[in-house]
Amino acid sequence: MFKIWITSFTAVLLFLSSCKDKINSNIPTVNFNVTINLTRPEYAALLGDGQSITLPTFDNYGRRAGYAGLVIIKSSFASSGFYAFDRCCTYNPNEAHQVNADGALAVCPVDSSVYVLIDGSGIPSTGPATLPLRRYNVSVSGNELSVYQYAN
């Protein structure tokens, strides 16, 4: 009996740990891969901890960046040194309802929801939004920062 209980308990723990990277989000999932060169002047804000930038939904070549664009923040809390979030507000999710970067925060100009970015949570601190911003994968190699999402 004890052996069955231990096996069942271990199976449940493995299942729960495999779900820890799943994001509960009401933002549609899109596949994309964006790479920026951190030495370019338009990304100079990312040199300081707690500083952030926004990227539009589509670049000059028509390549998608998230569902509604991206907010990228430099953060000493992140293992890569950066976090990236979708710009789509979670209160009324649509491509036109985009948050704006404001240092360590993101602010929705439509409903005034404010999201915390610096710790990687993307959780709303004020406003009607209750769900966090969708966070994306980030990797850094030399001066190249890549943000990506590949749906299952």
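Computed from heavy atoms alone, side chains included, the values below leave out hydrogens, waters and symmetry copies.
Annotation: ring-ring contact (aromatic ring centres under 6.0 Å, His included) contacts of Phe77 (sequence neighbours excluded): none. Under the rule for a side chain to side chain contact (heavy atoms under 4.5 Å, CB included), the partners of Thr126 that lie at least two apart in sequence or sit in another chain are Val114. Remark: Phe32 engages Tyr136 in a ring-ring contact (aromatic ring centres under 6.0 Å, His included) (not counting sequence neighbours).
Rounding to the nearest 0.5 Å places CG of Leu105 at 6.5 Å from CG of Leu117.
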Worksheet entry | From CA spacing to verdict: side-chain contact (heavy atoms from CB on, under 4.5 Å), Val138, Leu145 | CA-CA 7 Å; Val138 176; Leu145 178 140; 4.2 Å; yes

Discussion item. Assess the residue pair Asn37 and Glu144 against the criterion (side-chain contact (heavy atoms from CB on, under 4.5 Å)); give the C-alpha distance rounded to whole Å, side-chain angles, the decisive distance to 0.1 Å, and a yes or no.
Written reply: CA-CA 5 Å; Asn37 185 322; Glu144 301 287 315; 3.4 Å; yes

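Nearest heavy atom pair, residue Lys74 against residue Leu47, reads CE-O, 4.1 Å. Between Tyr150 and Asn33, the shortest heavy-atom contact is OH-ND2, 3.0 Å. Of all heavy-atom pairs spanning Ala45 and Ile53, the tightest one is CB-CG2, 3.8 Å. Contact between Phe82 and Ser80 at its shortest, heavy atoms only, is O-OG, 3.1 Å. Nearest heavy-atom pair, Ile73 versus Ala104, reported as atom, atom and distance to 0.1 Å: CD1-CA, 3.6 Å. Nearest heavy atoms, Ile27 versus Cys89: CD1-O, 3.9 Å.
No side-chain heavy atom of Arg63 sits under 4.5 Å from any side-chain heavy atom of Val34. Side-chain contact between Asn100 and Pro109 is present, with heavy atoms from C-beta onward closer than 4.5 Å.
Linking ILVMFWY side-chain heavy atoms closer than 4.5 Å, directly or via other members, places Val71 and Val110 in two distinct hydrophobic clusters. Val140 and Ile36 fall within the same hydrophobic cluster, defined by Ile, Leu, Val, Met, Phe, Trp and Tyr side-chain heavy atoms under 4.5 Å apart, directly or through other members. In this structure, Val107 is a member of the same hydrophobic cluster as Tyr83, with clusters built from ILVMFWY side-chain heavy atoms closer than 4.5 Å. Hydrophobic clustering (side-chain heavy atoms under 4.5 Å, transitive across Ile, Leu, Val, Met, Phe, Trp, Tyr) groups Ile72 together with Val30. There is no path of hydrophobic side-chain contacts, each under 4.5 Å, that joins Tyr91 to Leu133.
For residues 81-110, the salt bridge (Lys or Arg N to Asp or Glu O under 4.0 Å) pairs, not counting sequence neighbours, are Arg64-Glu95. Among residue pairs with one or both ends in residues 47-58, those qualifying as side-chain hydrogen bond (donor to acceptor under 3.5 Å, both in side chains) are Asp49-Ser76, Thr57-Gln98; sequence neighbours excluded. Residue pairs meeting the side-chain hydrogen bond (donor to acceptor under 3.5 Å, both in side chains) criterion with at least one member in residues 105-116, sequence neighbours excluded: Thr90-Tyr115, His97-Asp111, Asp111-Ser113.
The backbone N or O of Ser139 lies less than 3.5 Å from no partner atom in the side chain of Ser146, so there is not a single donor-acceptor pair. The backbone N or O of Ser121 lies less than 3.5 Å from no partner atom in the side chain of Arg135, so there is not a single donor-acceptor pair.
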